[in-house]
Structures are given as C-alpha cells and as structure tokens.
Amino acid sequence: LVTYNVIIGGLFKAGLVDEALELKKSMTEKGLDPDRFTYSILIDGFCKNKRSREAKSILGEMYGVGLNPDHVAYTALIDGFMKEGDTEEAFRIKDEMVARGIKLNLISYNAIIHGLCKVGQTEKAKDLLGEMIAAGVRPNTQTYTSLIEGYIRGNNTNEAYEMLVEMKERNLEPTVYTCGAIINGLCRAGDLERANFVLEKMIAGGLKPNVVIYTTLIRSYVQGGKLEEAIDIFKAITKKGILPDVFCYNSLIIGLCSAKRMEEARAYLLEMVERRLKPD
RNA sequence: AGCUUGACGAGUUCUCCU
C-alpha cells in the first residue's frame, strides 16, 4: 500500500495524472483499498495540477468509502483553490472543515494567508492572522513574510513595517525570504537606497544574501538605467562564489540588449551555456 | 550520515508597460 502511495504521488508530481489514476484503479482491483494517505495524495495531486475541482470530488469519494478527510486533506484542497485564485471556494471548504470539527493548523492558515496576499487581499489576510492567534495557532516567520510581501506589493509600507515589528515582538527572526520580500518591494518603489540599506542590515545580522536578492537588485538597476551598477553586482557575486541562475542572467542580458550592447549580451549568453544553464 | 507514504514552504527575470 505504501509502495502504491509513493508511486501515485510521484506520478502526480511528474504531471502524469492519468497514469496515477490508472495505478489507483489497479490497486483496487488487486484488493488493496486506498487509505487516508492515498486520498490525500490524490487530492493534493489534482490540486497541484490545477485541477482542484476534481480534487474536491475525491473528498466526496472519501466520505463515500467511510474515510474521514482530516486536516491534511482539507488543507491541500484549500491551498489548491487558493493557488487557482478561487478564494471563494477555498473559504467554503474552510467553513466545511470547521463545521466538521476539524481545526485549522499553522499550515492551513499559512496556505490561506499566502494565497490572499498574492491576490492583493492583504487586509483579509491580516484578519486571518488575528483569527489564528485567537485560535491559539502561533504564526511563524513564513506567515509574516507573506503579509509583509502583500503589504509591500500594495504599496502599504507602513503596514508592512508594522508586521515586521510584530514579528520581532514574537521573537521571530527575519529570514532571507523576509528580507528578499522587503528588498523587492523597495526596488519596485524605486527606492534603491533603502533596498541597499536593508541589504547591509541583513549581512550585518548574519544573513547571507543569495542569488535571488542580487537578481532583484540587478533588475532594479537595469530598470533605472544604471547598467554599470548592475554589471558590477553581477561580477561581484560571481567572485563571491554565488552562482547566477537563469533569472539572473536574463535580467542582465535584458539590460545589455536594451542598451544595444549586443556583443556583451552574447558573451553572457555563451557564459551561461558554459555553465550548463539552459537559456529560456 | 539518511528531511523515512500525504498538506503551507514563502522572496528574483521575460511575454512589446494592459
């Protein structure tokens, strides 16, 4: 049974939905009944393949065979609808879950909060933060990072800062992700000065900026027409041993191309191929 | 030394600026 579950999960991850369902059918034919894990894998599998509707019908099937979906099954489904942008349906599932006496945990709340922040409903996400705290579920760094990102994307710097403060009050330390979200927000607001300030702060605080952070800055310099600075960062990080990824190369190449510096752009293209990166 | 069948795992590029 465990073997089947693992393989079904693997097929879903590879996008082979039909094959996964085939395998589920054949296990039933062999007299092996899918268990609660199998069903959660199916639900999550459909969701990850953007087929949350079908995932929901699996939930019905579970009840049909007398298995009670647990918080994992419900959370997977909620996350699926959230990722498809159907927040209404996600909330209906959440209500159903609560009505059946299943409590939301940290992961469930994070899925909802992250989804809301992504679609710009950060205020509603903040309400859920309140709800989870009231329910005795402790938010973690990831919870606050989602909220900070949401506020910063909505140009609500004050609220974003407020979240950062609240996070620290709970003894939660910002991570590279948190700083990345903040730097990205500042860059998009055109405030490179403060973005660099945050960068300094994070280094001073013992966090190591990664390619993602530097790509954010490179892109921002490129957009601001400061191509030389962008190239400098690129060279500096390569020297530090940080390997530029496709995103990073693309950002720089875009800058060079718009400045009609095609020779250099071509050189970077060759360099990325040499590094076994696949230009997209 | 081994994150050991299932859920959030978060931040960065482009698609001619909608």
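Lettering of chains follows the sequences in order, A, B, ..., and the numbering in each one begins at 1.
A:L207 places its CG atom 17 Å from the P atom of B:rG11, with the value rounded to the nearest Å. The distance from atom CG of A:D79 to atom C1' of B:rA10 is 11 Å, rounded to the nearest whole Å. Counting to the nearest Å, the P atom of B:rA10 and the CZ atom of A:R153 are 13 Å from each other. If you take NE2 of A:H114 and P of B:rG9, they are 6 Å apart, rounded to a whole angstrom. One atom, CE of A:M82, and another, P of B:rG9, lie 12 Å apart when rounded to the nearest Å. Taking atom CD1 of residue A:I112 and atom P of nucleotide B:rG9, one finds them 13 Å apart after rounding to whole Å. Atom CG in A:L116 sits roughly 17 Å away from atom P in B:rA10 (whole-Å rounding). In this entry the distance linking CD1 of A:I152 with C1' of B:rU12 reads 14 Å, nearest Å.
Between A:C248 and A:F234, some side-chain heavy-atom pair lies under the 4.5 Å cut-off. Considering only heavy atoms from C-beta on, A:Y221 comes within 4.5 Å of A:I233 through its side chain. The side-chain heavy atoms of A:S108 and A:Y74, taken from C-beta on, include no pair separated by under 4.5 Å. Looking at heavy atoms from C-beta onward, A:I112 lies in side-chain contact with A:F91 at the 4.5 angstrom threshold.
Paired runs in RNA chain B never reach 3 or more consecutive Watson-Crick or G-U pairs with both distances under 3.5 Å.
Taking every side-chain heavy atom of A:S146 into account, B:rA10 is the closest of B:rA10, B:rU12, B:rA7.
In this structure, A:Q142 reaches the bases: a heavy-atom distance under 4.0 Å links it to at least one base atom across the strands shown. Residue contacts shown for A:T175 include a base, since a base heavy atom lies under 4.0 Å away. A:T75 comes within 4.0 angstrom of a nucleotide base, judged by non-hydrogen atoms across all strands.
Not a single donor-acceptor contact under 3.5 angstrom links the side-chain atoms of A:N110 to the base of B:rA10.
Rounded to the nearest Å, the gap between the P atom of B:rG9 and that of B:rU15 is 26 Å. B:rU5 and B:rA1 have their C1' atoms separated by 22 Å, with the value rounded to a whole Å. With C1' as the reference atom, B:rC17 and B:rG11 are 23 Å apart, rounded to whole Å. Rounded to whole Å, the separation between the C1' atoms of B:rC14 and B:rA10 comes to 22 Å. As rounded to the nearest Å, B:rG6 and B:rU12 have C1' atoms that lie 30 Å from one another.
Checked by atom type, the side-chain pair A:Y151/A:E123 shows a donor-acceptor distance below 3.5 Å. A:N184 and A:T216 share no side-chain donor-acceptor pair at under 3.5 Å. One side chain, A:Y214 or A:K240, offers a donor N or O that lies under 3.5 Å from an acceptor on the other. No side-chain donor-acceptor contact under 3.5 Å links A:E149 and A:Y177. For the 3.5 Å distance criterion, the side chains of A:K168 and A:Y144 fail to qualify, holding no donor opposite an acceptor.
Between A:D86 and A:R53 there is a salt bridge, with a side-chain nitrogen of the basic residue lying less than 4.0 Å from a carboxylate oxygen of the acidic one.
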(request) Could you walk me through whether A:M163 and A:T145 pass the side chain to side chain contact (heavy atoms under 4.5 Å, CB included) test, one step at a time? (result) CA-CA 8 Å; A:M163 287 294 106; A:T145 301; over 6 Å; no

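In this structure, A:K48 reaches the B:rC8 phosphate: one of its side-chain N or O atoms is under 4.0 Å from OP1 or OP2. In terms of phosphate contacts, A:K118 brings a side-chain nitrogen or oxygen within less than 4.0 Å of OP1 or OP2 of B:rG11. Contact check, A:K83 against B:rA7: no side-chain N or O comes under 4.0 Å of OP1 or OP2.
For A:R100 and A:Y63, the positive end sits near the middle of the six-membered ring, less than 6.0 Å away and at most 45° from its axis.
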Restricting both atoms to N or O, compile the protein contacts to nucleotides 13-15 of chain B shorter than 3.5 Å, with distance only.
unit_1 : atom_1 : unit_2 : atom_2 : d
B:rU13 : OP1    : A:R188 : NH2    : 2.2
B:rU13 : O4'    : A:S251 : OG     : 3.4
B:rU13 : O2     : A:N250 : ND2    : 2.6

What nitrogen or oxygen pairs link the protein and nucleotides 3-6 of chain B at under 3.5 Å?
unit_1 : atom_1 : unit_2 : atom_2 : d
B:rU5  : O2     : A:N5   : ND2    : 2.6
B:rG6  : O6     : A:R36  : NH1    : 3.4
B:rG6  : N1     : A:D70  : OD2    : 3.0
B:rG6  : N2     : A:S40  : OG     : 2.2
B:rG6  : N2     : A:D70  : OD1    : 2.8
B:rG6  : N2     : A:D70  : OD2    : 3.1
B:rG6  : N3     : A:S40  : OG     : 2.9

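Each of A:K126, A:K124, A:K94 was evaluated against A:E131; a single residue qualifies, A:K94, per the salt bridge (charged side-chain N to carboxylate O under 4.0 Å, His left out) test.
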